[in-house]
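Following: one structure in structure tokens, then a few remarks.
When reading the values below, keep in mind they use all heavy atoms of this one structure, side chains included, and skip hydrogens, waters and symmetry mates. Numbers for residues simply follow the sequence, beginning at 1.
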Amino acid sequence: MIIKNVKLINEINKAQSGYDISIKNGIIENIGHGLKDDGDVIDAKGLTVVPGIADIHVHLREPGFEYKETIDSGVNAAISGGITTLCAMPNTVPCPDNVEHYLKINEKLKNSPIKVIQSTAVNKNLSGKRTDWKNLFENGSYIFTNDGLPIESEMDLEDVLSFSKNKIIRIAEHPEFVGKDEITYKGEAKIIRRDLEINSNIGGNIHFQHVSLSESIDVLEHAKNAKIKFTAETCPHYIVNIKKTRKKSYYNVYPPLRSSDDVNSIINGIKNGIISIISSDHAPHTMEEKECQNPNRGFSGTELLFLTVYNYLYLKKIIKIEKLIELLVINSHNFLNITPPSIKPGFRADFFLFDPEEEWIIEEKELVSNGKNSAFLGDKIKGRINMTFSDGKMIYRRK
């Protein structure tokens with residue numbers, strides 16, 4: 001296969017003519033001009049090629065909540081957003097808190113057109129007794145999280161961090177102070193501080209999910225200066241002052257949408273490397289669940305992950321294109337212990353093609369996910385993803 005006349009993402013602002021990319025056996029074979037191939041030819045004039053994204057924080061909802069999303073619909077949403085690798089959270093029914101449940105979910109995932117890493121629970125059903133981490137690890141699991149709840153027991157936290165030391169294992173913490181109103185109490189920073197104090201004597205692979213507070217950035221910056229080991233992510237809805245054009249219930253999310261000062265702190269945290277990954281925290285719900293008196297928390301986000309970062313950080317000249325690739329491709333793949341894709345000969349052909357000039361308005365009808373509850377509904381953005389490739393095969397083409 002040859003993709004012709006495509007522009008490379010690192011040369012997006014340069015005037016060079018397009019490149020040809022030849023693919024053989026799922027690998028980028030050559031990049032140049034005037035390449036010839038007897039196989040399929042795709043004319044990508046006007047499009048830019050970007051390495052496939054890894055989204056490390058996705059709720060696929062299956063098993064147990066298929067009325068919100070299924071593995072198929074969630075993966076289809078992801079690939080429409082240029083994602084070729086994702087990590088699925090464990091808050092399903094049944095929960096992957098033992099080997100039997102973990103392997104059953106993996107069986108459902110094995111035919112996915114992209115790489116799907118299933119995380120497993122630190123505690124049984126996310127909040128009970130500790131799971132058998134060693135047994136789960138020996139059966140393939142290496143991302144552990146109670147996502148939706150924090151690791152409440154300090155003893156469990158100490159032991160699981162020790163278990164993760166010097167291994168590929170990652171411990172992803174959902175920093176929430178259970179029983180407290182996060183809007184007023186702001187317990188996120190308190191949990192992060194507790195975890196870092198514990199990890200300062202352990203050196204385990206602690207990772208903080210969806211960081212959103214200015215106070216959290218202060219705590220993380222102090223830990224970085226003290227050389228305490230951690231990684232941290234944030235999400236697109238914490239780097240933008242969201243325009244609330246819909247019912248208030250549509251914007252119910254955890255952590256809650258923050259102030260302008262928090263947004264600015266999160267952006268600074270991205271720029272100085274305290275936050276190294278941007279994930280979607282894709283959390284689809286039905287519209288009925290978002291419009292009721294006690295709306296469910298969460299937004300759908302996989303298909304807009306690249307485009308929101310591209311529009312609200314890159315096009316606003318807050319970060320350079322190299323930083324965008326670090327946040328969405330390099331650091332996220334490294335977190336998952338997967339070699340990041342790159343638009344270079346010899347690398348696997350995981351990438352997507354997008355039109356950087358097309359402008360459009362984000363509306364429910366445009367979203368592929370079964371969940372239509374995006375924080376960015378009504379926004380006019382620039383850029384449209386046209387095709388996604390995984391292992392050299394086209395797995396998505398916009399109609």
Do [X] and [Y] have side-chain N/O donor and acceptor atoms under 3.5 Å apart?
X      : Y      : answer
Lys68  : His285 : yes
Asn370 : Ser73  : yes
His57  : Glu233 : yes
Glu66  : Thr70  : no
Asp55  : His282 : no
Tyr396 : Glu303 : no
Glu69  : Ser369 : yes

For the [atom1] atom of [X] and the [atom2] atom of [Y], what is their distance to the nearest 0.5 Å?
X      : Y      : atom1 : atom2 : answer
Leu305 : Ile278 : CG    : CD1   : 7.5 Å
Ile53  : Phe306 : CD1   : CZ    : 6.0 Å
Lys382 : Phe354 : NZ    : CZ    : 10.0 Å
Ile266 : Tyr238 : CD1   : OH    : 9.5 Å
Asn331 : Ile275 : CG    : CD1   : 12.0 Å
Glu29  : Ile31  : CD    : CD1   : 11.0 Å

Is any side-chain N of the basic residue among [X] and [Y] closer than 4.0 Å to the acidic one's carboxylate O?
X      : Y      : result
Arg297 : Glu182 : no
Arg384 : Glu358 : yes
Asp350 : Arg348 : yes
Asp43  : Lys4   : no
Glu138 : Lys134 : yes
Lys7   : Glu11  : no
Arg246 : Glu364 : yes
Glu359 : Lys380 : yes

My understanding is that only one of [options] makes a side chain to side chain contact (heavy atoms under 4.5 Å, CB included) with [X]; could you say which?
X      : options                      : result
Asn123 : Thr131, Asp156, Leu149       : Asp156
Ile114 : Thr85, Leu86, Leu109, Thr388 : Leu86
Val368 : Asn76, Ile79, Thr302         : Asn76

side-chain contact (heavy atoms from CB on, under 4.5 Å) between Thr231 and Ile277, intermediate numbers included: CA-CA 8 Å; Thr231 54; Ile277 296 170; 5.6 Å; no
Quick check: does any side chain N or O of [X] sit under 3.5 Å from a backbone N or O of [Y], one acting as donor and the other as acceptor?
X      : Y      : result
Trp360 : Gly383 : yes
Ser22  : Asn30  : yes
His174 : Gly148 : yes
Arg170 : Phe335 : yes
Lys227 : Lys224 : no
Asn268 : Asn264 : yes
Asn98  : Glu100 : yes
Lys393 : Gly26  : no
Thr286 : Glu289 : yes
Ser332 : Ala54  : yes

Are more than 12 heavy atoms, taken from residues, nucleotides or ligands other than [X], located less than 6.0 Å from that residue's [atom1] atom?
X      : atom1 : answer
His33  : NE2   : yes
Arg397 : CZ    : no
Lys167 : NZ    : yes
Asn25  : CG    : no

Criterion side-chain contact (heavy atoms from CB on, under 4.5 Å) on Cys292 and Ser249, from CA distance to verdict: CA-CA 8 Å; Cys292 64; Ser249 61; over 6 Å; no
Closest heavy-atom pair and its distance - [X], [Y]:
X      : Y      : answer
Gly298 : Lys290 : O-NZ, 3.0 Å
Lys165 : Gly203 : CG-O, 3.8 Å
Val122 : Trp133 : O-NE1, 2.9 Å
Ile228 : Ser200 : CD1-CB, 3.7 Å

Cationic tip of Lys190 above Tyr185 ring, under 6.0 Å, 45° of axis: yes
Cation over ring face, Lys316 and Tyr312, 6.0 Å, 45°: no
side-chain contact (heavy atoms from CB on, under 4.5 Å) assessment of Glu176 paired with Tyr254: CA-CA 9 Å; Glu176 175 179 8; Tyr254 187 86; 3.1 Å; yes
Derivation and outcome, ring-ring contact (aromatic ring centres under 6.0 Å, His included), residues Phe65 and His59: CA-CA 10 Å; Phe65 302 97; His59 301 266; over 10 Å; no
Cluster overlap Ile330 with Phe352, hydrophobic side-chain contacts below 4.5 Å: yes
Residues Ile42, Phe389; criterion side-chain contact (heavy atoms from CB on, under 4.5 Å); working and verdict: CA-CA 12 Å; Ile42 296 172; Phe389 293 76; 3.7 Å; yes
Verdict with reasoning, Glu188 to Ser216, per side chain to side chain donor-acceptor pair (under 3.5 Å): CA-CA 7 Å; Glu188 174 186 287; Ser216 300; 2.5 Å; yes
Lys229/Asn205 under side chain to side chain donor-acceptor pair (under 3.5 Å): CA gap, chis, key distance, verdict: CA-CA 7 Å; Lys229 192 175 183 181; Asn205 296 319; 2.8 Å; yes
Trace of the salt bridge (charged side-chain N to carboxylate O under 4.0 Å, His left out) decision for Lys124 with Asp97: CA-CA 5 Å; Lys124 291 184 178 180; Asp97 55 10; over 6 Å; no
Ring geometry between Phe299 and His237 (parallel below 30°, tilted from 30 to 60°, perpendicular above 60°): perpendicular
